[in-house]
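A short write-up of the structure that comes next.
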Protein chains: 2
Amino acid sequence: MAKTAPRPTLRDVADHAGVSVISASRVMREAPNVSESLRVRVKVAATALGYTPNRIAGSLRGQSSDLIAVIVPSMSNNVFPDILDGIDAAFQGSSLRTVLGMSRYDMAEEEAILRDLLSWNPSGVIISGLEHSAGASEILSGLQCPVIEVMDSDGEPIDTSVGFSMSSAGHIMADHFVERGYRRIGYVGAWGERPARSRKRRLAFEARLAENGLSLVDHQIEDAQSSFATGAAGLTTLMSRSPNIDAVFFANDDLALGAMMHCHAHGIRVPNDLALAGFNGLDIRDGITPRLTTIRSPRAEIGARAGQIMLDRIGGRSDAERGRIDMPLSFLPGETT
Amino acid sequence: MAKTAPRPTLRDVADHAGVSVISASRVMREAPNVSESLRVRVKVAATALGYTPNRIAGSLRGQSSDLIAVIVPSMSNNVFPDILDGIDAAFQGSSLRTVLGMSRYDMAEEEAILRDLLSWNPSGVIISGLEHSAGASEILSGLQCPVIEVMDSDGEPIDTSVGFSMSSAGHIMADHFVERGYRRIGYVGAWGERPARSRKRRLAFEARLAENGLSLVDHQIEDAQSSFATGAAGLTTLMSRSPNIDAVFFANDDLALGAMMHCHAHGIRVPNDLALAGFNGLDIRDGITPRLTTIRSPRAEIGARAGQIMLDRIGGRSDAERGRIDMPLSFLPGETT
DNA sequence: CATAAAATTGGTAACGTTGTCAAACTCTCA
DNA sequence: TGAGAGTTTGACAACGTTACCAATTTTATG
């Protein structure tokens, strides 16, 4: 059994090396003005004792914790895991660390998590979306540390935002549908359009159709979470209500692919009888024939960019970006429209 | 603009309430032996000042940080997001917090992340898999805090493990294939079988076939990450090498579904010409016809159980579980076998 | 009412680190 | 050789909290 050997402290390292605590501290954090001989002696002692710095103590004294509070609504679709992946990639090799909070699409919960995470003195906050509870907005506005809102870019950030434009997404697909000559267009969403992001996309889509003399014939928002099954169900409901629709824009790829499979199974030819398009550009789309028309959202890129900006800001770089940063969407034409 | 109002401390709250710092501390952490009147006075002062406790300071003095280091290899398939989801669900309402590390399937990186996370004095560690670098194993063994290894249960945990048996998964599917009467069986994996988990599954599958007088005719391990496209590619290679195979077990659902779509597109009837089975039981499987035969891995359940055990252990509950905890797999028969 | 026991409050000293300042040492150059 | 500048090292005090113990007040008991 392991004995209860207490973790060595800087004091132990200093004693072992025959130097003062503060000198050991300087060596460990690579501070300037340390002689080579002292540096080596301390390093040797640290290795011999298996010293690991105590960042809790360092944070208390040093004021900056290097912990970054990351608050996302969920892990259930690929969107937020991809963002976390991007953030982590940016933090690789730095001293920043992600402390995770999951709001489960509940603004009150988001606020509670934010409060809790702030008690860790984070050096920065990355939070999803531009819409928060009044209390959360107030807290975020008052923060001294960088606050980066990710995903959305159709509004004013509290500090800095990295995301894409839902309106732009709606416009891109509306333009495509118009260009393709579809006339009776529908829309299928899921989960009561939470978060509000997807609604913005639908409204922009509808508005752009209107500019082109077309109207959104019908839309069906399912209550269930996005899935193939939900997509099929949404399409079924929509078509039973408005049978002569010739093209449908879905809130995401899962829904669209589910609908596509439903069409296959029911002899509805895509895109001849019905055109389908999705949103997100998930990898699952690869390898499914016909290839789905969709718009790729730059999820990992958003995470990486947000992470990089956080690094720059915390590193005190004067050229660190601020304000609203709009990441480009890529239209991925497929064979379903 | 927000002025640089320093965050109020316990000292401020105590002064405002006219009590001592330590009394304020007691109230804030709901310690016993505090009169109602004092409690109310402090609470009022705390609210008035917008006090947020500084957990960094608390952790330094109190020794336990309530930070839980969670180390996963990636976010790219649904497996680890689901586990994180489960962990977070268990931590809801508690004071435990996830600090995230991502090893990118690299054991050296895993060890580095572990060292880094330990500098935060975590109250516990949740790490994926039972196999770690020698250095990481040594560190984990020496830790005073709970260490829970998740996903795998075919080996001895350092402290406690929550996972499922890869062997059992292999056996379940082998038995199913035998029962169905398939004779010429193949296997397709991806990404060089990293982590080693999937290899265990394949070997157990092969061994069980052997017990039934069958051999694994051929197997193809792709280098690329799992995806529909990789599944299709793997199947193509396998079939070109061993054309008379009549059933294939895939390392995961993505691969199997990709292969299935490939079959659809190339007039290979499933399961008549070729039977396919996957592993994981991802939601995408719902709504795809024919429904894929697979085995559901209890991902969120593993996360939730690990989180609960962590809570129990840290709460000092004597009935907290220890040792190897095997979570049941569910065989999900579909129409592809 | 006196006294013991229990409940409530406060003082002091850490926890392990680093910022600030000062002391000591080294080197350069007149 | 000595002044001045630069480099290297160290002492001390803090960061905000809580553990430990002592002091005080309240309550219970005979």
So what does B:L38 touch, heavy atoms closer than 4.0 Å: a base, only the sugar-phosphate, or nothing?
sugar-phosphate
OP1 or OP2 of D:dC15 less than 4.0 angstrom from a side-chain nitrogen or oxygen of A:S59, does that happen here?
no
Between atom CZ in A:R7 and atom P in C:dC15, what is the gap in whole Å?
14 Å
Among the candidates D:dT17, D:dA11, C:dT9, find the nucleotide nearest to the side-chain atoms of B:L10.
D:dT17
How far apart are the closest heavy atoms of B:I302 and B:M151, and which atoms are they?
CG2-N, 4.1 Å
Could you tell me whether B:E321 and B:R305 make a salt bridge, using a distance below 4.0 angstrom between a side-chain N and a carboxylate O?
yes
For a quick test of reading the model: is some side-chain N or O of B:S25 closer than 4.0 Å to OP1 or OP2 of D:dT17?
no
To the nearest angstrom, how far is A:N33 atom CG from C:dA22 atom C1'?
15 Å
In this structure, how many angstroms lie between the P atom of C:dC15 and the CG atom of B:N121, rounded?
13 Å
Under 3.5 Å, is there an N or O donor on one side and an acceptor on the other linking the side chain of B:R26 and the base of C:dG10?
yes
Please confirm whether the shortest side-chain N or O distance from B:Y51 to OP1 or OP2 of D:dG16 is below 4.0 Å.
no
Non-hydrogen atoms of A:L60 and B:N54 that approach each other most closely:
CD1-ND2, 4.4 Å
Under 4.0 angstrom, heavy atoms only, what part of the nucleic acid is A:T9 near: base, sugar-phosphate, or nothing?
sugar-phosphate
Taking only the side-chain nitrogens and oxygens of B:R41, find out if one of them lies under 4.0 Å from OP1 or OP2 of C:dT9.
no
Report the nucleotide, chosen from C:dG10, D:dT17, C:dT17, that has the shortest atom-to-atom distance to any side-chain atom of A:R61.
C:dT17
Taking OP1 and OP2 of D:dT18, is either one under 4.0 Å from a side-chain nitrogen or oxygen of B:R29?
yes
With the side chain defined as heavy atoms from C-beta on, B:I22 is closest, among D:dC20, C:dT9, C:dG16, to D:dC20
Is the shortest side-chain heavy-atom distance between A:S95 and A:D66 below 4.5 Å?
yes
So, B:E110 and B:H132: side-chain donor and acceptor under 3.5 Å apart, yes or no?
yes
Only one of A:D82, A:N78, A:D85 passes side chain to side chain donor-acceptor pair (under 3.5 Å) with A:R299, and that residue is A:D82
Rounded to whole Å, the CD-C1' distance (A:E30 to C:dT17) equals 16 Å
Can you find a side chain N or O atom of A:S23 that sits less than 4.0 Å from OP1 or OP2 on D:dT9?
no
Ranking A:P53 and B:E36 by the position along DNA chain C of their nearest nucleotide, the one closer to 5' is B:E36
B:L60 has an atom CG; how far is it from atom P of D:dT17, in whole Å?
12 Å
From CG of B:L49 over to P of D:dG16, roughly how many Å is that when rounded to an integer?
14 Å
Within the structure shown, what part of the strands sits under 4.0 Å from B:N54 by heavy-atom distance: base, sugar-phosphate, or nothing?
sugar-phosphate
Could you tell me the separation between the CG atom of A:L118 and the C1' atom of D:dG16, rounded to a whole number of Å?
16 Å
Atom-pair distance (CZ on B:R39; C1' on C:dT9), nearest Å:
16 Å
